[in-house]
Every structure is written in structure tokens, then in C-alpha cells.
Amino acid sequence: MGEAAPGALAAGLRSRCPACGRGPLFEGFLRVRQRCPVCGADLSAQDSGDGPVAFIILIVGGIVVALALLTEVRYQPPIWLHLVLWLPLTVVLVLGLMRPFKATLIALQYKHRRQDFDRRAE
């Protein structure tokens, strides 16, 4: 009996193969592997498009704007201090969320549209 497929959220947040949950999904920062080194699943048909970026922009934008407004209302710092605070925070949050969001979207596509992955591999 084969192992059960991992949950899409668990595999995505750990940036693991959506088929087995053990092999690394990425080679490099955001380049998806052609095949899983553990189970051999074909990952070349994945296409996350701009989905992860859209979610990240909404989430990070909401967080940073809320914090910047709160800081402005309470402390009224100079504009240069806003730039020093919020630009690096924005970059760190975007880069930190990019891999798990992309991996989760790929894992969800793999789980719900598996036939599309299998059809493209033929």
C-alpha cells in the first residue's frame, strides 16, 4: 500500500513536493524542480502564474499601510523615518512569503487539478 498524499497546506508551507511531501519543491529560490528527487513526480506542468504575488501584495500592503498609519497618527515621525522603517519591512515580508505562498498554490493545484498535471506529462 502506498503512502497517502500529504495535505496541500502542509506540503506548501514546508515547500515540499505536493505528491509525497518529502522532496524539496524548489531548486534555487523560486524555480520549481522538473521532477521530485524522492518520488519522481513530474512537476514540470505546474504553473502558479501571478497568484502568489497578488495574495502577497494584498496581505503585506494591508499590514504595512496599517502600521504606517498607526505610527503616523501616534508619533508623527519624519518621512525619512517612515522610509527607513517600512521599505525594508515590505521587502523582507514579500521575500519571506514568496516561497510558501507559491508552494502552497502549486500544492493546491496539484491536489485539485491532478488530471491536468498527469495529462501534460504524457
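In this structure, the separation between CG on Leu108 and CG on Leu9 is 7.5 Å, given to the nearest 0.5 Å. The distance from atom CG of Leu83 to atom OG1 of Thr90, rounded to the nearest 0.5 Å, is 10.5 Å. Rounded to the nearest 0.5 Å, atoms NE2 (His82) and CD (Glu72) are 4.0 Å apart.
Dense packing is recorded around CZ of Phe26, with more than 12 heavy atoms of other residues, nucleotides or ligands lying under 6.0 Å away. In Phe29, the CZ atom is crowded: over 12 heavy atoms of neighbouring residues, nucleotides or ligands sit closer than 6.0 Å.
In the hydrophobic cluster analysis, where Ile, Leu, Val, Met, Phe, Trp and Tyr join through side-chain heavy atoms closer than 4.5 angstrom, Val84 is grouped apart from Leu87. Following chains of ILVMFWY side-chain contacts shorter than 4.5 Å, one can reach Leu30 starting from Leu95, so the two form part of one hydrophobic cluster. One hydrophobic cluster holds both Leu85 and Leu93 under the rule that ILVMFWY side chains link at heavy-atom gaps under 4.5 Å. Both Val91 and Ile63 are members of a single hydrophobic cluster when ILVMFWY side chains are connected at heavy-atom separations under 4.5 Å.
Ala107 and Gly12 make their closest contact through CB-N, 4.2 Å (heavy atoms, listed as atom of the first residue, atom of the second, distance). Shown here for Leu105 and Gly51, the closest heavy-atom pair between the two residues is CD2-CA, 4.0 Å. Pairing each heavy atom of Met98 with each of Ile56, the nearest pair is CA-CD1, 3.6 Å. When every heavy atom of Arg14 is checked against every heavy atom of Gly21, the shortest pair comes out as NH2-O, 3.4 Å. Residues Cys36 and Cys20 approach most closely at SG-SG, 3.7 Å, considering heavy atoms. The two atoms that bring Gly96 and Pro100 nearest to each other are O-CD, 3.5 Å, heavy atoms only.
Two residues are said to be in side-chain contact when any heavy atoms from C-beta on lie closer than 4.5 Å; Leu69 and Val65 meet this criterion. Between Leu81 and Tyr75 there is no side-chain heavy-atom pair separated by less than 4.5 Å. Side-chain contact between Lys111 and Pro18: absent, with no pair of heavy atoms (C-beta onward) separated by less than 4.5 Å. Using a 4.5 Å cut-off on side-chain heavy atoms (C-beta onward), Leu67 and Leu89 make contact. Proximity of Arg16 to Leu25: side-chain heavy atoms (C-beta onward) are nowhere separated by under 4.5 Å. Annotation: side chain of Lys102 is in contact with side chain of Val32 (closest heavy-atom distance under 4.5 Å).
With Phe101 as the partner, the side-chain contact (heavy atoms from CB on, under 4.5 Å) test is satisfied by one option alone out of Ile59, Ile106, Val94, Val53: Ile59.
Within the 3.5 Å criterion, the main-chain N or O of Leu43 finds no donor-acceptor partner in the side chain of Arg33.
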